[in-house]
Number of protein chains: 2
Amino acid sequence: MSTPHQSRADRRRATEARILDSARELFAEKGFERTTIRAVATAASVDPALVMQYFGSKRELFSQAVQTLPGPLTATDADELVDQLLASLGLKLGGLPEGALAMMRSMLTDQAAADHVRAALGRQIDSVGAALPAAEDAELRAALVVTALLGVTIGHRLLGLATLREVPADHIAALLRPAIKALTGPQG
Amino acid sequence: MSTPHQSRADRRRATEARILDSARELFAEKGFERTTIRAVATAASVDPALVMQYFGSKRELFSQAVQTLPGPLTATDADELVDQLLASLGLKLGGLPEGALAMMRSMLTDQAAADHVRAALGRQIDSVGAALPAAEDAELRAALVVTALLGVTIGHRLLGLATLREVPADHIAALLRPAIKALTGPQG
DNA sequence: CCATTCACTCAACGCTTGTTGACTCACTCA
DNA sequence: TGAGTGAGTCAACAAGCGTTGAGTGAATGG
């Protein structure tokens, strides 16, 4: 009753997308290990074997369903930097995509996810450090800024702390801004 | 050749402690789900069935091996507060006990661990919020401080970011202090 | 219209897991 | 010394997992 005439290729693409959506949602909610292919298949109204046929393995399904964390930044001055940072960790403007949450959810218990997140954070630390005034501790300060924001995002989106969930993201960003500036160095 | 004469009760206590140590270590390294009773038993040079006999279930073993995160704080002024916070999340003076790391490792993928961490963080947020000057956003500011430090600890101890691992904890604490003060409010 | 392709299902495999009950044997103690 | 307790082992179960190969039936294309 919904789609009156669909070609075979269209149906194929649609089911594949349905599987990916279900996978992303379950991976974000339960993490890699606790998400079963059978559960993904059920959520997508499909046989488990089809998931294997399309994606080859659970690992490959994870890779395709999940997105990496935001990459390096392009800001050059401190104010712009803070904005980009807050946005990239989902503390402004709508939050992180579900695929990034799925990756983060698994980062403490899955080797591959940990490597991925470590690399992404490393790139972000490097670009923040490069944008900082040439202090001695530029890279360390950058790492503290990035991990501190990571912690706020975890508390907010993955742990669902009540205190943070009730507050609009812009308000959180506004409170964080002076703290980040204090972290990036006395000079500004 | 090591312990020449040990009573039955002594041996029993020793094996139980050996099992708990192995469990704590493995839970901290791999998390609840990926740690198997068989692996704990092997690491403790013991049969898996003995672990069950002593602790009843994997969940109960986890509860007994793991320690909760540090509880509420007792500081009344801002300077003391910052010190206690940094210490309680392992950023000063030797770091968190392994049992707390085990709990944190599982907090994103295990319901019970998540509940435990949420509760501990909530208590900590409350006590920080109470110690803050009576600003409107006291509780929110407290939550941001606590989760930011949580993030630094995760990056440092659970993800093992190189930039943070190479630096002494006191140095990290020194850099974080002004940022925390900026977060807790303009008035200090 | 018929042979072919291909999305999709079914049933089963091999493995690992938590968990259990029966067993062995060294130590305790009367 | 000899009965009994209790620490520790062994072998197995049932359930759940990722994964596989054979099968089905409708859309396709000549």
Side-chain angles (χ1 to χ4, degrees), chain A residues 1-23 26-27 29-66 102 106 109-113, chain B residues 1-23 26-27 29-66 102 106 109-113:
Chain A
M1 62 177 93
S2 49
T3 46
H5 198 49
Q6 236 181 125
S7 82
R8 186 138 74 171
D10 282 344
R11 272 200 69 81
R12 154 88 195 222
R13 268 188 294 273
T15 23
E16 197 168 313
R18 218 171 52 238
I19 293 174
L20 278 175
D21 283 348
S22 304
L26 285 171
F27 280 136
E29 183 186 328
K30 302 176 162 275
F32 180 80
E33 187 97 4
R34 291 182 55 96
T35 296
T36 70
I37 293 224
R38 284 169 163 86
V40 171
T42 300
S45 305
V46 136
D47 191 274
L50 191 66
V51 178
M52 294 302 297
Q53 197 171 124
Y54 284 178
F55 298 96
S57 72
K58 183 186 179 183
R59 192 86 282 147
E60 187 63 25
L61 172 64
F62 182 74
S63 297
Q64 299 209 22
V66 146
S106 303
T109 40
D110 183 77
Q111 185 68 229
Chain B
M1 63 173 94
S2 50
T3 47
H5 197 49
Q6 239 183 124
S7 81
R8 185 136 75 169
D10 283 343
R11 272 200 69 80
R12 154 87 196 226
R13 267 187 295 272
T15 349
E16 197 167 313
R18 216 169 55 238
I19 293 174
L20 278 175
D21 284 347
S22 304
L26 286 171
F27 281 136
E29 183 186 329
K30 303 176 161 277
F32 180 80
E33 187 96 5
R34 292 183 55 96
T35 296
T36 70
I37 292 223
R38 283 169 166 85
V40 171
T42 300
S45 306
V46 136
D47 191 273
L50 191 66
V51 178
M52 294 302 297
Q53 198 170 125
Y54 284 177
F55 297 96
S57 72
K58 184 186 178 183
R59 180 105 277 153
E60 187 63 24
L61 172 65
F62 183 74
S63 297
Q64 299 210 21
V66 146
S106 303
T109 40
D110 183 79
Q111 184 67 227

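Labels below follow one simple rule: chain letters A, B, ... track the order of the sequence lines, proteins then strands, and each chain is numbered from 1. These figures come from a predicted structure and were not determined experimentally.
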Seminar exercise, completed: Those residues at least two apart in sequence (or on a different chain) that pass side chain to side chain donor-acceptor pair (under 3.5 Å) with B:Q53 are none
Problem set entry | Residue-level proximity of residues 33-40 of chain A to DNA chain D when a heavy atom falls under 4.0 Å | A:T35, A:T36, A:I37, A:R38
Seminar exercise, completed: Sequence neighbours excluded, the answer for side chain to side chain contact (heavy atoms under 4.5 Å, CB included) partners of B:T42 is none
Problem set entry | For atom CZ of B:R11 and atom P of C:dC25, their distance in whole Å | 16 Å
For this session: Could you tell me whether B:D21 and B:R18 make a salt bridge, using a distance below 4.0 angstrom between a side-chain N and a carboxylate O?
Result: no
Exercise. When you check every protein heavy atom under 4.0 Å of nucleotides 20-26 of chain D, what one-letter string (B, S, -) results, 5' to 3'?
Worked result: BB----B
Problem set entry | Atom-to-atom span, CZ of B:F62 to C1' of C:dG18 - whole angstrom | 16 Å
Problem set entry | All pairs passing salt bridge (Lys or Arg N to Asp or Glu O under 4.0 Å) where residues 29-43 of chain A contributes a residue, at least two apart | A:E33-B:R34, A:R34-B:E33
Problem set entry | Contacts of A:S106 that satisfy side chain to side chain contact (heavy atoms under 4.5 Å, CB included) - sequence neighbours left out | A:F32, A:F62, A:D110, A:A113
Exercise. Paired with C:dA30: which nucleotide, if any, by Watson-Crick or G-U wobble criteria at under 3.5 Å for both distances?
Worked result: D:dT1
Exercise. Would you say C:dA7 has OP1 or OP2 under 4.0 Å from some side-chain N or O of A:R12?
Worked result: yes
For this session: For B:L61 and C:dT19, give me the distance from atom CG to atom C1', rounded to whole Å.
Result: 14 Å
For this session: Determine the contact category for A:Y54: base if any of its heavy atoms lies under 4.0 Å from a base atom, sugar-phosphate if only primed atoms, P, OP1 or OP2 are that close, otherwise nothing.
Result: sugar-phosphate
For this session: Figure out the NZ/P separation between A:K30 and D:dC17, and round it to whole Å.
Result: 10 Å
Exercise. Tell me: CD1 of B:I19 to P of D:dA7, nearest whole Å?
Worked result: 11 Å
For this session: Nearest whole angstrom, please: distance from the C1' of D:dG6 to the CG of B:D10.
Result: 15 Å
Exercise. Side-chain contact, heavy-atom cut-off 4.5 Å: A:D10 with A:R13?
Worked result: yes
Problem set entry | OP1 or OP2 of C:dC8 under 4.0 Å from side-chain N/O of A:T15 | yes
Seminar exercise, completed: Residues at least two apart in sequence or cross-chain that pass side chain to side chain contact (heavy atoms under 4.5 Å, CB included) with A:A17, listed by chain then number, are none
For this session: Please list, chain by chain and in numerical order, all residues satisfying side chain to side chain contact (heavy atoms under 4.5 Å, CB included) with B:A14, sequence neighbours excluded.
Result: B:Q6
For this session: For B:D47, check side chain to side chain donor-acceptor pair (under 3.5 Å) against everything at least two apart and list the hits.
Result: none
Exercise. Between atom CZ in B:F55 and atom P in D:dA7, what is the gap in whole Å?
Worked result: 13 Å
